[in-house]
Amino acid sequence: MSGLSEIARAAGVSISTVSRVLNRRAGVNDETRQRVLAVLAEMPYTPRGLGALQRTGVIGLLVPELSNPVFPAFAEALEVRAARLGYSSLLCNTRATGAAAMGEEEYVRMLLARGVEGMVFVSPEITNTEVPLGQAPRPSYYAKLLGDGVHMVFVNGATPSLDVPDVTVDEQHAGYAATRHLVELGHRRIGFVSGPARSLPSRLKRAGWAAALEEDGLPASSDFVAHGPFGPEGGAVAVAALLDTVRPTAVICSSDHMAIGVLREAHRRALRVPGDLAVVGFDDIPLASYCSPSLTTLAQPIEEMAAAAVDELVHRLDPDRRRRPAGNYTRVFRPRLVVRESSASPALV
């Protein structure tokens, strides 16, 4: 309890109030909650500085959202794998909205205060910045965490400037494979329904899309790229912009969630999928096979990626582990093309 006592004393509140804030329970007004979080922001990152236990058997999982089914699926797979290795997990939604929402760094401090042994970051904020591909954003507080001995693993967050293990899916290959599939079907005007421009996964998929088009001398102009928020609404808005301008015969999407919005917008415009517009998604969420038409997509090996992330984190937490050679640990998984009803030759009308 020494960590909670330290926080409570600095914030001028009771230990029970600090506990309610850390556990996101009701009964704390926003002003008090912000005061406790402000104290956390000034505390040392190291678990020792917060008086946390060194061996709690708990790891933290930080995901960017829960509305996209791929993230709950990853969380479930990670929880199962962690349990087999004797660990439990705490799930944090880092980009939630609302008055009580907490950001990634706030969650990190909360997890450290609760004595987690290590953390898995899925699409960490460090990858959510607009920097040229091949260049690394400023490490920010992640470098401080490493310096304080906090063990971490990134998922889809490779950052060469940081010695953090990364488990990733080959996003560039996903964009390439999706586009090649459509080119081989005979499409020549292929658009890209992208997530936000700052998103590294979207930028990597765009690079793969462009490479596949350029192989066949097809246009990879920015006119054929439209951005939108991740989710069905973002997909609908982005494809509407393309249909109102360049009128592609096919599109690839940053996620299945966005692709569902594309299908809805196509239906609203009385466009036949795949006759008038072929659609390819990414993730292979369970709903993909139940859409009408069912969605062609690139499947992520979620269970394998979750297992790799947990295994590497636990390896680093083991004091008796055999040390790896110097250098970053990266495990890259290839997505798998799953062909369903939403993609076909433009000649099939």
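Note that the numbering runs from 1 along the sequence shown for the chain.
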Worksheet item: Who passes side chain to side chain contact (heavy atoms under 4.5 Å, CB included) against A288, sequence neighbours left out?
Response: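 With neighbours one apart ignored, the set is D256, D284, I285, L295, R340.
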Would you say that [X] contacts [Y] through its side chain, given a criterion of any heavy-atom pair below 4.5 Å between the two side chains?
X: P335; Y: H173; answer: yes
X: S67; Y: F230; answer: no
X: V63; Y: L66; answer: yes
X: I7; Y: R9; answer: no
X: S254; Y: F192; answer: yes

Hey, does the side chain of [X] reach the backbone of [Y] with a donor-acceptor pair shorter than 3.5 angstrom?
X: R188; Y: V183; answer: yes
X: R336; Y: A299; answer: no
X: S342; Y: V279; answer: yes
X: D166; Y: G157; answer: yes
X: H151; Y: L317; answer: no

For the residue pair [Y] / [X], report whether a side-chain donor-acceptor contact shorter than 3.5 Å exists.
X: S123; Y: N156; result: no
X: E215; Y: Y176; result: yes
X: T296; Y: H181; result: no
X: S294; Y: S289; result: no

Salt bridge (charged side-chain N to carboxylate O under 4.0 Å, His left out) partners for [X], two or more places apart:
X: E184; value: R180
X: D223; value: none
X: E65; value: none

Worksheet item: Under the criterion side-chain contact (heavy atoms from CB on, under 4.5 Å), which of I59, V58, L313 is the partner of Y87?
Response: I59
Practice prompt. Check the pair E105 / T94 against side-chain contact (heavy atoms from CB on, under 4.5 Å), numbers first and verdict last.
Written response: CA-CA 9 Å; E105 191 168 358; T94 63; over 6 Å; no
Fill in: Note: R81-D311 ion pair, threshold 4.0 Å (strictly below)
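Salt bridge flag = yes for D311 with R81.
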Fill in: Ion pair R109/E106, N-O distance below 4.0 Å
no
Worksheet item: Which residue pairs pass the salt bridge (Lys or Arg N to Asp or Glu O under 4.0 Å) test with at least one member in residues 288-297, sequence neighbours excluded?
Response: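 Sorted result for residues 288-297: empty, none.
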Show me, pair by pair, the donor-acceptor contacts under 3.5 angstrom made by side chains of residues 240-252, not counting sequence neighbours?
{"from": "D244", "atom 1": "OD1", "to": "R269", "atom 2": "NH1", "distance (Å)": "3.0"}
{"from": "D244", "atom 1": "OD1", "to": "R269", "atom 2": "NH2", "distance (Å)": "3.0"}
{"from": "D244", "atom 1": "OD2", "to": "R269", "atom 2": "NH2", "distance (Å)": "3.4"}
{"from": "T245", "atom 1": "OG1", "to": "A241", "atom 2": "O", "distance (Å)": "2.8"}
{"from": "T245", "atom 1": "OG1", "to": "L242", "atom 2": "O", "distance (Å)": "3.3"}
{"from": "R247", "atom 1": "NH1", "to": "L243", "atom 2": "O", "distance (Å)": "3.4"}
{"from": "T249", "atom 1": "OG1", "to": "H187", "atom 2": "ND1", "distance (Å)": "2.7"}

